[in-house]
Amino acid sequence: MTAIDHKRATFIPARVGVRFSRVLRAECIKLVSLRSNLAMLAAIAVLGVGVSLALAVTMADAGVPDQPSTAFMLDQVTVGTVLFGHVIAVVLGVLTISGEYASGAIQSTMIAVPARTPVLLAKACVVFTVATGAGMLTTVASWASSYPLFDALGLAVALTAPGVLPALIGASVYLGLSAILGVGIGALLRAVAPSIAGAISLTLLVPIVLSALPMSQTVRNVQLLTMSKAGDAMSNAPESAGGFVNLVDGYISWGAGWTIAVAWASAFLLLGLLRLRRGDV
């Protein structure tokens, strides 16, 4: 047998794709390994509980209803989480992906997972879970810490009262959807500074600008359909009366708030996914 007759057989295994569960686990490790991310999650709790306690301590001087009111209690308990927490959540979502572009780690991520869609979806799932979890812990802690102050004034509302738990869950999920919105904006703009500026402008500054404009029906309609108004509706107790959306009266229901927030988050996540799939890293 000559060297020509002897052919070396080489086994080349078929390419095995990376399972989504492994991508998800990798993104979890990335998120919790950065102390800045953990600090932002802690800031959600500190600000949420702190604002609720400050409002509860001063509510006797500011004016209170004559009898226990679920709506009044929810305003006091969720305002800190919704107002400040959603800003932190959207920044967390932005940094989850734009931070990798800034450090160059996105190239290693795409080499490990050439299919780019699972990467962005895994990031969205991770930030949604942690932001929603942080929001839920914060809202429940805010209710628990302010309950004795409400009870001292005869205004205590139990956690099991109608509408309380759905409102707290809605406020928590709003933080998760805000984080997904941030992931989409970060994937779309990539750079850290423009992404954070764009995300904060969309969620915080646009409603302020709209409220400063002459209050025409068009401006009112646009204002009601913003992400921040959706968060306000999600953190309120569901009501059977009033319909789903009433633009004339300026009313959006709890369910409509969920729909609007999901639409905003999904739209920007889709735009970010298109940019990620079609653009270079």
Determine whether L34 and L92 fall in the same hydrophobic cluster, where Ile, Leu, Val, Met, Phe, Trp and Tyr are linked whenever their side-chain heavy atoms lie under 4.5 Å apart. no
Does I97 offer a backbone N or O that forms a donor-acceptor pair with the side chain of R190 under 3.5 Å? no
Considering only distance and modelled atom types, tabulate donor-acceptor pairs under 3.5 Å from the side chains of residues 109-138, sequence neighbours left out.
{"from": "T109", "atom 1": "OG1", "to": "K30", "atom 2": "NZ", "distance (Å)": "2.9"}
{"from": "T109", "atom 1": "OG1", "to": "E100", "atom 2": "OE1", "distance (Å)": "2.8"}
{"from": "T109", "atom 1": "OG1", "to": "A105", "atom 2": "O", "distance (Å)": "3.2"}
{"from": "R116", "atom 1": "NH1", "to": "L276", "atom 2": "O", "distance (Å)": "2.6"}
{"from": "R116", "atom 1": "NH1", "to": "G279", "atom 2": "O", "distance (Å)": "2.5"}
{"from": "T117", "atom 1": "OG1", "to": "R277", "atom 2": "NH1", "distance (Å)": "2.7"}
{"from": "K123", "atom 1": "NZ", "to": "E27", "atom 2": "OE1", "distance (Å)": "2.9"}
{"from": "K123", "atom 1": "NZ", "to": "T96", "atom 2": "O", "distance (Å)": "3.3"}
{"from": "K123", "atom 1": "NZ", "to": "E100", "atom 2": "OE2", "distance (Å)": "2.4"}
{"from": "T129", "atom 1": "OG1", "to": "C125", "atom 2": "O", "distance (Å)": "2.8"}
{"from": "T132", "atom 1": "OG1", "to": "F128", "atom 2": "O", "distance (Å)": "2.7"}
{"from": "T138", "atom 1": "OG1", "to": "A134", "atom 2": "O", "distance (Å)": "2.7"}

Tell me, with the steps shown, if L95 and M40 meet side-chain contact (heavy atoms from CB on, under 4.5 Å). CA-CA 11 Å; L95 293 178; M40 282 189 282; 3.8 Å; yes
For the side chain of N37 and the backbone of L31, is there at least one donor-acceptor N/O pair under 3.5 Å apart? yes
For a quick test of reading the model, state the closest non-hydrogen atom pair linking P68 to G154 and the distance between them. CG-O, 3.4 Å
For atom CD of Q217, is the number of surrounding heavy atoms from other residues, nucleotides or ligands below 6.0 Å larger than 12? yes
Are V32 and L175 linked, directly or through other ILVMFWY residues, by side chains that come within less than 4.5 angstrom of each other? yes
Compare all side-chain heavy atoms of W264 with those of L202 and state whether any distance is below 4.5 angstrom. yes
With no hydrogens and no angle check, is any side-chain donor or acceptor of N236 less than 3.5 Å from a backbone partner on D232? yes
Contact summary for I88 and A43, nearest pair of heavy atoms: CD1-CB, 3.8 Å
Decide yes or no for L24 and R19: does some side-chain heavy atom of the first lie under 4.5 Å from some side-chain heavy atom of the second? no
Hey, mind stepping through L204 and I200 against side-chain contact (heavy atoms from CB on, under 4.5 Å) and telling me if it holds? CA-CA 5 Å; L204 195 62; I200 293 179; 4.2 Å; yes
Return yes if some donor-acceptor pair links the side-chain N/O of S69 with the main-chain N/O of P65 below 3.5 Å, else return no. no
Evaluate the criterion side-chain contact (heavy atoms from CB on, under 4.5 Å) for residue pair I252 and F244; output intermediate values, then yes/no. CA-CA 6 Å; I252 56 175; F244 191 69; over 6 Å; no
Atom CG in L271, atom OG in S266: separation rounded to 0.5 Å? 11.0 Å
Is it the case that one hydrophobic cluster holds both V262 and L273, taking links as side-chain heavy atoms less than 4.5 Å apart, direct or via other members? yes
S211 and Q223, any side-chain heavy atoms less than 4.5 Å apart: yes
So how far is it from S36 OG to L41 CG, rounded to the nearest 0.5 Å? 10.0 Å
Treating Ile, Leu, Val, Met, Phe, Trp and Tyr as nodes and any side-chain heavy-atom pair under 4.5 angstrom as an edge, say whether L205 and V90 lie in one connected cluster. no
Atom pair OH (Y174) and CG (L181), whose distance is rounded to the nearest 0.5 Å: 8.5 Å
Closest non-hydrogen atom pair, G163 against L74: O-CD1, 4.2 Å
Can you check whether V77's main-chain N or O pairs, donor with acceptor, with S52's side chain at less than 3.5 Å? yes
Heavy-atom side-chain contact between S178 and M227 under 4.5 Å: yes
Please report the shortest heavy-atom distance between L149 and A56, naming the atom on each side. CD1-CB, 3.5 Å
Value rounded to 0.5 Å, distance of OG in S195 from CD1 in I185: 7.5 Å
Verdict with supporting geometry, L55 and M59, side-chain contact (heavy atoms from CB on, under 4.5 Å): CA-CA 6 Å; L55 292 174; M59 65 180 172; 5.9 Å; no
Describe, in one word, how the ring planes of Y147 and W143 are oriented to each other, choosing from parallel (under 30°), tilted (30 to 60°) and perpendicular (over 60°). tilted
Give me the atom names and distance for the closest heavy-atom approach of G99 to V192. N-CG2, 4.3 Å
In Å and rounded to the nearest 0.5 Å, what is the CG to CG distance from L210 to L224? 10.0 Å
Say you draw a straight line from OG of S142 to CG of L168; how long is it, rounded to the nearest 0.5 Å? 9.0 Å
Which atom pair, heavy atoms only, marks the closest approach of V94 to A199? CG2-CB, 4.0 Å
Do L270 and L188 share a hydrophobic cluster, counting only Ile, Leu, Val, Met, Phe, Trp and Tyr and linking them when any side-chain heavy atoms are less than 4.5 Å apart? no
In terms of ring plane angle, is the pair F72 and F150 parallel, tilted or perpendicular, where the classes change at 30° and 60°? perpendicular
Does W254 use its side chain to pair, donor to acceptor, with the backbone of M234 at less than 3.5 Å? yes
